[in-house]
Amino acid sequence: MLRFLVRRSLGAMVILLIISAVTFFLFYAVPRDPAMLACGKNCTPDALAVIRKNMGIDEPVPMQYWHFMVGIFAGRDFAAGACPAPCFGYSFANQDPVWNTILDRFPTTVSLTLGGAVVFLTIGLGAGMIAAWKRGTLADKLFSTGSLVLSSLQIYFVGPLVLALLVFNLGLLDQPTYVPLSEDPAGWFMGLLIPWMVIQIIFTANYTRLSRSSMIEQLSEDHVRTARAKGMSGKFVFFRYAWRGSLIPIVTIFGVDLGSLLGGAMITEWTFSLPGLGRLAVESVQNTDLPMVMGVMLFSATFIILLNVIVDAAYAFIDPRVRLA
Amino acid sequence: MTSPSQAAIAGAETPDPDGVGLTSEPSGGQEPAKDQLVGRSPGQLMWMRFKRDRTGVVSAFVVLTMFAIAALAPVISWLYGKDPWTRYGQIEPGLLNDNGYPVKPNGGIDGEYWFGLEPGLGRDVLTQLVYGMRTSLSLAVIITILSVLLAIVIGVAGGYMGGKTDYFLGRLTDLMMSFPNQLFFVAFVPVVGALVVSPQDEMPTWLRASVLIFVMWLLGWMTLARLLRGQVLTLREREFVEAAKVAGTPPWRIIRKELLPNVVTPILVQSTYMLPNFVTAVAGLSFLGVGMPASTPDWGRMFATGAEVYQSNITYMFFPGVAMVVFIVAFNLLGDSVRDAFDPKSGR
Amino acid sequence: MRTARVSVVGLAAGALILTGCSSGGGGDAGDVSKDDAAKQQVRYDFGDAAASKGPAEPVKGAKKGGDLTVYQRDSYAHLDPAQMYVSDEGTMSTLIHRRLTSYKRDSAGKYTVVGDLATDSGQASKDQRTWKYTLKDGIKWEDGSPITSKDIRHTFERQFAPFISEGPVFIQQWMAGKSGTGYRKLLPDGPYKGDHLPDKVLETPDDKTVIFHFKDPQPDLPYALGMAGYAAVQEKGDTKEKYDKKPVSSGPYKIASFKSGKSMKLVRNEEWDAKTDPVRHAYPDAHNIQFGVSYEASTKRLVSDSAENQTAVSYTNQVDASSMQSVRSDPKVKDRSLSGYQPYVGKISLNMDRLKDKKVREAIAHALPAQSLVQAFGGSGGGELAGNYLSPTVAGHTESDPYGKVENPQGDVKKAKRILKEAGKTGQKLTFAFQNSPEWQDYSIAAKDNLTKAGFDVQLKDIVADTYYDQIGKVKNKYDMYHSSWGADWPSAGTVIPPTLDGRQVQDGASNYSHYNNPEMNKEMDRISKIKDPDTAAKEWGKLADKILKEDLPDVPLMYYKQIQLYGSKVGGAVNNAVISSIDPTQLYVKK
């Protein structure tokens with residue numbers, strides 16, 4: 001187990017290194033001068049040179065990349081302000097270290113993701129299992145057709161519809177906002193209710209479909225059939241054998257979903273104007289705030305990779321046949 | 001063995017005689033016995049099963065209709081007498097009010113403008129939608145084809161050659177999968193654009209489309225490639241491939257004649273899942289403001305506009321939204337049916 | 001089971017149909033009439049010592065206490081006064097930064113320039129080359145130390161430091177007697193390396209007196225000193241670049257916390273003495289500012305007026321174009337709205353280096369649909385058709401309309417086509433550069449449509465918003481036409497015509513975007529600048545502006561910008577301040 005973790009973490013670091021390099025060099029190859037922007041309209045060549053130096057973009061790109069990497073571990077100092085480790089760059093548009101902003105926005109994304117995930121996992125898996133258990137009955141048909149349609153919905157379509165209905169027509173809820181959980185738990189819950197609902201509509205449906213089909217597949221596996229044939233009760237077999245096995249594909253997909261959601265649910269956050277990582281990314285792209293885009297990109301990639309490792313490790317717990325190597 | 005007439009029905013994708021006797025899924029062990037008794041090719045069987053599947057046929061019909069609508073957008077526009085570029089609402093007085101919203105209820109739907117008018121610019125929604133579908137679907141189809149081709153190359157190469165090549169391709173796949181894809185698209189479409197066009201020049205529409213296609217293609221092939229690698233890995237050990245190798249068949253021929261025909265099923269099934277995903281992803285990019293330029297009608301941008309105006313005019317979102325849902329549902333059903341038809345065991 | 005699936009699909013579509021209904025926009029536009037313009041007074045008097053005495057006239061019904069929630073779209077990129085030129089920063093800065101002069105608005109809506117830190121709006125010598133200011137007693141920084149003439153000297157000297165690049169440059173240029181960026185040579189390092197401005201430029205004989213000496217007469221100095229960019233900076237607390245994040249407050253509020261891009265909390269500055277301030281109040285205990293709230297989002301929140309939004313407001317967020325309909329058609333919401341002009345005039349600048357044939361420029365002017373631009377900005381709540389270069393907020397504005405932009409809001413394509421044909425230039429290629437924002441994207445589509453019909457071969461070039469003005473500001477840019485907007489810094493056409501139309505100002509980054517250079521007109525500008533009577537000057541500016549438009553047509557005027565702002569039902573004291581073109585944050589209070 002330990003060997004597996006060490007090996008995978010090393011691999012993950014190599015991947016992160018490559019991603020950072022690719023992103024960095026692509027971004028800085030763009031013929032756009034951030035110093036020119038910061039220099040404003042009263043710009044003189046002298047002022048421009050000062051700003052370039054302050055930004056650390058007066059060096060060749062590979063040197064800049066080197067400083068960037070060193071900064072992550074050792075921190076850097078910019079004329080506009082200190083950027084303590086881990087320094088993922090300094091946003092000149094925001095006048096703040098990138099890391100601060102990311103930390104600031106991350107709680108929103110975490111709340112959105114985890115709050116949504118708890119519900120879509122429980123409801124989705126539950127509905128899927130019921131559908132598989134009662135295969136062919138009315139409940140099954142209802143769940144599977146419903147989930148098929150719901151999973152085909154798009155956030156940018158359902159989001160405004162739900163807002164129009166619940167907020168503007170019926171006036172049941174307020175515009176979604178983010179209030180930190182520590183400040184006002186009730187406000188936090190109410191503010192995120194609509195985004196959670198919308199994420200759930202779509203994800204729950206996916207998980208219902210997934211868990212149903214995976215359960216059905218498991219029920220036809222040899223070891224399950226053997227168990228049935230040996231005379232074990234249906235319920236026992238269902239929960240003891242089939243359920244465990246059916247988790248593997250679900251855990252895989254859940255890992256992928258969680259990773260990408262934690263890296264910023266862009267469309268959701270954009271639709272509901274929630275100040276999370278995804279919105280930060282889109283805004284930074286629009287403002288050509290390259291250090292910020294770079295930071296968010298690395299941060300998101302880290303989550304995706306981290307969850308990959310976790311998922312692989314989780315296999316071993318779920319299915320004893322899997323050996324980690 | 002396969003008779004020529006049957007092979008003709010099944011089309012060019014019929015596997016060689018060696019391939020018959022194996023359904024494409026490695027797990028389909030019980031089926032071949034029956035097949036050989038009747039003597040039908042897997043392609044034929046698939047077609048027969050598919051024809052019996054009413055949902056499949058209906059959804060195929062819906063999907064084809066939508067493609068036809070998209071392809072025939074200019075004809076529809078000509079018959080209907082409007083185009084997606086004219087600002088009817090601005091030019092003809094009495095259609096939009098001072099705030100730029102349709103005067104008539106339900107987004108300005110009437111006998112003249114069947115799906116209503118776009119708030120602000122006052123363009124016709126029906127022609128916007130059919131032309132927009134044309135843009136999005138063509139993009140998605142091209143991205144799908146390119147991704148499938150790349151996935152075949154990488155998957156088959158990795159699986160068949162094994163060793164260092166496989167290891168290298170496997171790590172490449174891992175790497176590409178670790179990119180946060182949506183963020184990657186949003187961040188790199190402008191960057192790639194800026195790299196190929198000097199800031200003083202207009203970026204032609206085709207170039208913008210190429211950039212979109214390129215960026216999505218880069219991150220679109222990994223799932224299928226992984227799947228194919230796995231399949232090829234097991235196929236490689238099968239007797240008929242071993243036999244071909246022993247007989248001295250060149251590798252290229254083995255891949256083409258022995259391996260590829262056996263992975264047609266996962267390719268087809270996976271493509272039917274990929275295509276709608278690309279449609280929604282392209283639309284998502286337009287929604288976030290990095291899609292096609294504003295002068296090109298685009299399905300995704302209709303959602304962006306819809307999200308701006310929904311408070312006063314929710315009808316605008318209705319037609320593109322319903323079209324999208326119907327398209328995705330139909331395509332997913334079609335995908336399920338195709339899978340069932342190829343491999344009846346998995347369906348149920 | 002599969003048939004069941006198909007029928008459910010049908011059902012779902014049916015359910016969607018139900019939600020798809022909406023009522024019509026109706027023909028009633030709501031109204032923002034010309035009265036606003038009449039109300040907006042276009043010339044401000046200079047106030048004497050009596051007018052400059054604090055405290056400010058109390059707001060009717062106002063009570064102290066309560067917290068205000070403020071939604072802002074953009075985070076403040078700068079908190080250092082010397083870096084402030086963007087209007088939303090300027091609006092907030094009145095709460096934390098005091099200047100030598102400020103604009104006072106009385107309850108009748110009349111504006112006066114009064115002394116803020118100074119005892120009056122300034123004592124000028126006869127030739128208006130020397131201005132003397134005396135500081136009030138009892139004015140203090142947030143740390144309790146008094147504000148002295150040393151701080152004021154430091155404030156102006158640091159304007160010359162290389163890292164100060166964003167703020168206004170009027171006074172620096174007047175001090176140096178040079179245009180462009182030449183003023184920087186006067187004090188290249190600012191005050192940081194021991195150099196100071198000589199007494200013949202800036203004199204501070206004692207702790208209370210500040211005297212400016214200029215080479216030319218500067219009748220507009222009291223206006224300029226009221227700009228956010230010239231607010232006082234504490235010498236002791238000056239941290240150079242870092243001051244931009246943590247300035248020392250002199251106003252009624254101080255910064256309790258500032259998280260760039262996210263939030264800012266302003267709390268009462270106990271050292272600020274209301275008795276010294278003729279302009280500001282500090283009714284709410286705190287202003288809790290949230291950044292990153294788009295126009296659309298703030299509008300939706302304020303329209304909903306739900307519990308936490310009742311005490312909410314935005315200083316500068318406007319009602320977004322697509323929400324105009326819902327705001328203006330709901331009387332309850334309309335009651336909580338303010339509308340007014342912005343100082344900007346939206347124009348299409350025609351690149352005179354590339355479009356040398358006046359006929360071609362005329363054809364463009366006739367073809368462009370001005371109404372489409374108003375429409376893109378949300379109809380009459382967002383803008384008004386413009387006939388000429390001078391906005392109704394500037395002294396000297398008239399209703400002249402030489403190219404029929406008001407008369408023919410859709411543009412006159414036929415006439416344009418005829419003129420272009422006469423010039424023999426049908427089929428001419430025309431590159432139209434525009435900012436990549438929804439409004440201008442919409443407009444570019446409309447403009448291309450009309451111009452193409454008139455016989456041009458139109459190339460659209462969208463430019464990312466943040467680099468737009470850099471791109472079109474290059475003298476050697478390769479675009480034929482591009483939009484630009486310009487607003488007066490104070491309500492004199494002297495801050496409009498010369499910056500945008502003086503041919504001697506053509507350089508990279510300058511605001512003469514059409515590169516118009518007519519020596520005869522340049523001379524005329526010099527002449528009018530020296531007129532001391534403001535009313536005569538205003539009339540002359542108006543005449544000159546129309547003459548340039550009619551004879552040379554360097555820019556096509558399209559729209560005078562307007563805006564609608566909202567506030568929560570428990571927010572009192574909301575008034576539109578014409579000087580900052582937004583809600584005045586110093587007058588707000590929370591209703592109990």
Side-chain angles (χ1 to χ4, degrees), chain A residues 11-12 14-16 18-19 22-23 26-27 29-32 135 148-149 151-161 163-165 167-169 213 216-217 220 256 259-260 263-267 270-271 277-278 281-282 284-286 288 290 293-294 296-297 299-305 308, chain B residues 171-172 174-195 198-199 276 279-280 283-290 300 302-304 306-314 317-318 320-322 324-333 336 345-348:
Chain A
V14 172
I15 289 186
L16 278 177
I18 298 176
I19 290 184
V22 168
T23 317
L26 257 177
F27 275 167
V30 177
R32 206 175 266 159
R135 215 165 91 208
L148 177 82
V149 175
S151 68
S152 306
L153 296 175
Q154 299 299 315
I155 290 173
Y156 44 77
F157 176 47
V158 188
L161 276 188
L163 284 182
L165 192 69
V167 179
F168 296 106
N169 283 356
S213 65
I216 287 173
E217 200 163 301
S220 68
V256 173
S260 63
M266 277 196 230
I267 293 186
W270 193 254
T271 307
L277 279 184
V282 180
S284 322
V285 168
Q286 286 178 351
T288 26
L290 297 184
V293 182
M294 176 89 202
V296 180
M297 179 83 87
F299 194 77
S300 309
T302 312
F303 268 101
I304 293 178
I305 295 168
N308 257 334
Chain B
R171 296 295 77 74
L172 180 71
D174 286 348
L175 172 69
M176 296 309 262
M177 277 188 132
S178 309
F179 270 100
N181 50 16
Q182 217 170 31
L183 177 56
F184 183 86
F185 300 148
V186 171
F188 282 94
V189 168
V191 168
V192 176
L195 280 179
S198 93
V279 170
T280 54
L285 284 190
S286 292
F287 177 75
L288 294 174
V290 290
M302 294 187 85
F303 290 101
E308 275 170 30
V309 302
Y310 72 86
Q311 227 179 319
S312 305
N313 181 9
I314 195 147
M317 188 94 123
F318 172 72
V322 169
M324 180 75 89
V325 173
V326 169
F327 179 79
I328 306 288
V329 169
F331 227 107
N332 281 339
L333 285 175
D336 288 354
K345 182 168 168 280
S346 69
R348 279 171 295 241

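Letters A, B, ... are given to chains in the order of the sequence lines, protein chains preceding strands, and every chain is numbered from 1.
- Both the backbone and the side chain of A/Ile267 come within less than 4.5 Å of a heavy atom of chain B.
- Side-chain contact check for B/Thr280 versus A/Tyr156: some heavy-atom pair is nearer than 4.5 Å.
- Taking CZ of B/Phe179 as the start and CD1 of A/Ile18 as the end, the distance is 9.0 Å to the nearest 0.5 Å.
- When all heavy atoms are compared, the tightest approach of B/Val325 to A/Leu153 is CG2-CD2, 3.5 Å.
- Nearest approach of A/Ile15 to B/Leu175, heavy atoms of both residues: CG2-CD1, 3.6 Å.
- Scanning both residues, A/Ala301 and B/Pro180, for their nearest heavy atoms gives N-CG, 3.7 Å.
- Looking at B/Ala283, the atoms closer than 4.5 Å to chain A (heavy atoms on both sides) sit in the backbone and in the side chain alike.
- Across B/Phe327, B/Phe331, B/Phe303, the residue that shares the most heavy-atom pairs under 4.5 angstrom with chain A is B/Phe303.
- Note: B/Leu183 CG to A/Leu277 CG = 9.5 Å, rounded to the nearest 0.5 Å.
- Across all their heavy atoms, A/Val285 and B/Ala187 have their closest contact at CG2-CA, 3.8 Å.
- Within the 4.5 angstrom heavy-atom criterion, no atom of A/Val14 approaches chain B.
- Here the CG-CG distance, from B/Leu333 to A/Leu148, works out to 4.5 Å after rounding to the nearest 0.5 Å.
- Between A/Met297 and B/Phe188, the closest side-chain pair of non-hydrogen atoms falls below 4.5 Å.
- One distance of note links CZ of B/Phe318 with CG of A/Leu161; it measures 10.0 Å at 0.5 Å rounding.
- If you measure heavy-atom distances from A/Ser213 to chain B, you find no contacts under 4.5 Å at all.
- We find the CG-CZ distance between A/Leu26 and B/Phe184 to be 7.5 Å, quoted to the nearest 0.5 Å.
- The two residues A/Ile304 and B/Ser178 have their closest heavy-atom pair at CD1-O, 3.9 Å.
- Contacts between B/Gln182 and chain A at a heavy-atom distance below 4.5 Å involve backbone atoms as well as side-chain atoms.
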